[in-house]
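Here's the structure we're looking at; comments come further down.
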Amino acid sequence: VLLNGSLDAEFEEVARGGIGDHPLRVVTYKKLGNNWYVVSGVEQGMVFYTKRLQVGDQFIGFDFTYPESQRQTWDKVTSQINADFKSTR
């Protein structure tokens, strides 16, 4: 279900630091498309990656969080899942 009523609104909230309290979150990448967004960065030694697609009046997506020390391994996994992740419309 759309959390804030629109993809743009959720993107802005996540890009500002996420839903909830994340004062130490540093966003290093953010991109908003026509029906999707991606936000990623670091927070206290952990990498986070969020992707959402809007399909009708709902969002589908995934989130990954993993230690920066394991970035080489998990960046590849996240990249592959992201490449395979497509709208079901």
Side-chain angles (χ1 to χ4, degrees):
V1 177
L2 295 176
L3 296 177
N4 291 319
S6 75
L7 185 74
D8 292 351
E10 184 174 317
F11 169 76
E12 290 300 324
E13 187 168 346
V14 172
R16 274 195 318 271
I19 296 170
D21 187 25
H22 295 277
L24 301 176
R25 182 169 276 194
V26 177
V27 173
T28 57
Y29 179 80
K30 60 183 179 178
K31 183 148 182 152
L32 176 64
N34 287 335
N35 69 334
W36 60 273
Y37 73 81
V38 170
V39 177
S40 65
V42 293
E43 181 177 20
Q44 295 184 314
M46 300 293 284
V47 175
F48 66 89
Y49 185 94
T50 299
K51 181 165 189 174
R52 296 288 182 273
L53 292 172
Q54 184 173 354
V55 179
D57 65 347
Q58 295 186 349
F59 289 159
I60 58 172
F62 64 92
D63 298 281
F64 274 102
T65 305
Y66 49 89
E68 280 187 282
S69 63
Q70 296 177 12
R71 185 173 215 145
Q72 186 174 2
T73 299
W74 289 105
D75 276 358
K76 291 176 189 175
V77 172
T78 302
S79 180
Q80 184 60 53
I81 292 171
N82 185 48
D84 292 341
F85 192 76
K86 296 180 179 34
S87 172
T88 58
R89 289 192 297 165

For the residue pair Asp75 and Tyr49, confirm or rule out a side-chain donor-acceptor distance under 3.5 Å.
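No, because no side-chain N or O of Asp75 sits under 3.5 Å from a partner of the opposite role on Tyr49.
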With sequence neighbours left out, write down each residue that passes ring pair (Phe, Tyr, Trp, His ring centres under 6.0 Å) with Phe48, or none if nothing qualifies.
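Phe48 satisfies ring pair (Phe, Tyr, Trp, His ring centres under 6.0 Å) with no residue once adjacent residues are dropped.
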Under 3.5 Å: donor-acceptor pair, side chain of Arg52, backbone of Val38
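No, because the side chain of Arg52 does not come within donor-acceptor range (under 3.5 Å) of the backbone of Val38.
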Is there a path from Tyr29 to Leu53 through hydrophobic residues (I, L, V, M, F, W, Y) whose side chains come within less than 4.5 Å of each other?
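They do share one cluster, since a chain of ILVMFWY contacts under 4.5 Å joins Tyr29 to Leu53.
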Are Val26 and Met46 co-members of a hydrophobic cluster defined by side-chain heavy atoms under 4.5 Å apart?
no
Distance (rounded to the nearest 0.5 Å) between [X] [atom1] and [Y] [atom2]:
| X | Y | atom1 | atom2 | answer |
| --- | --- | --- | --- | --- |
| Lys51 | Lys31 | NZ | NZ | 11.0 Å |
| Ser79 | Asp84 | OG | CG | 9.5 Å |
| Gln80 | Asn82 | CD | CG | 9.5 Å |
| Lys76 | Gln72 | NZ | CD | 5.0 Å |

So which atom in Val14 and which in Val27 form the shortest heavy-atom distance, rounded to 0.1 Å?
O-CG2, 4.4 Å
Side-chain contact test, heavy atoms from C-beta onward, threshold under 4.5 Å: evaluate it for [X] versus [Y] and give yes or no.
| X | Y | value |
| --- | --- | --- |
| Ile81 | Phe64 | yes |
| Val77 | Tyr66 | no |
| Arg25 | Val39 | no |

Which residues share a side-chain contact (heavy atoms from CB on, under 4.5 Å) with Leu32, sequence neighbours left out:
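Expected list: Leu7, Asp8, Phe11, Tyr37.
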Residue list, side-chain contact (heavy atoms from CB on, under 4.5 Å) with Ser69, at least two apart or on another chain:
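Partners of Ser69 by the side-chain contact (heavy atoms from CB on, under 4.5 Å) criterion, ordered by chain and then number, come out as Pro67.
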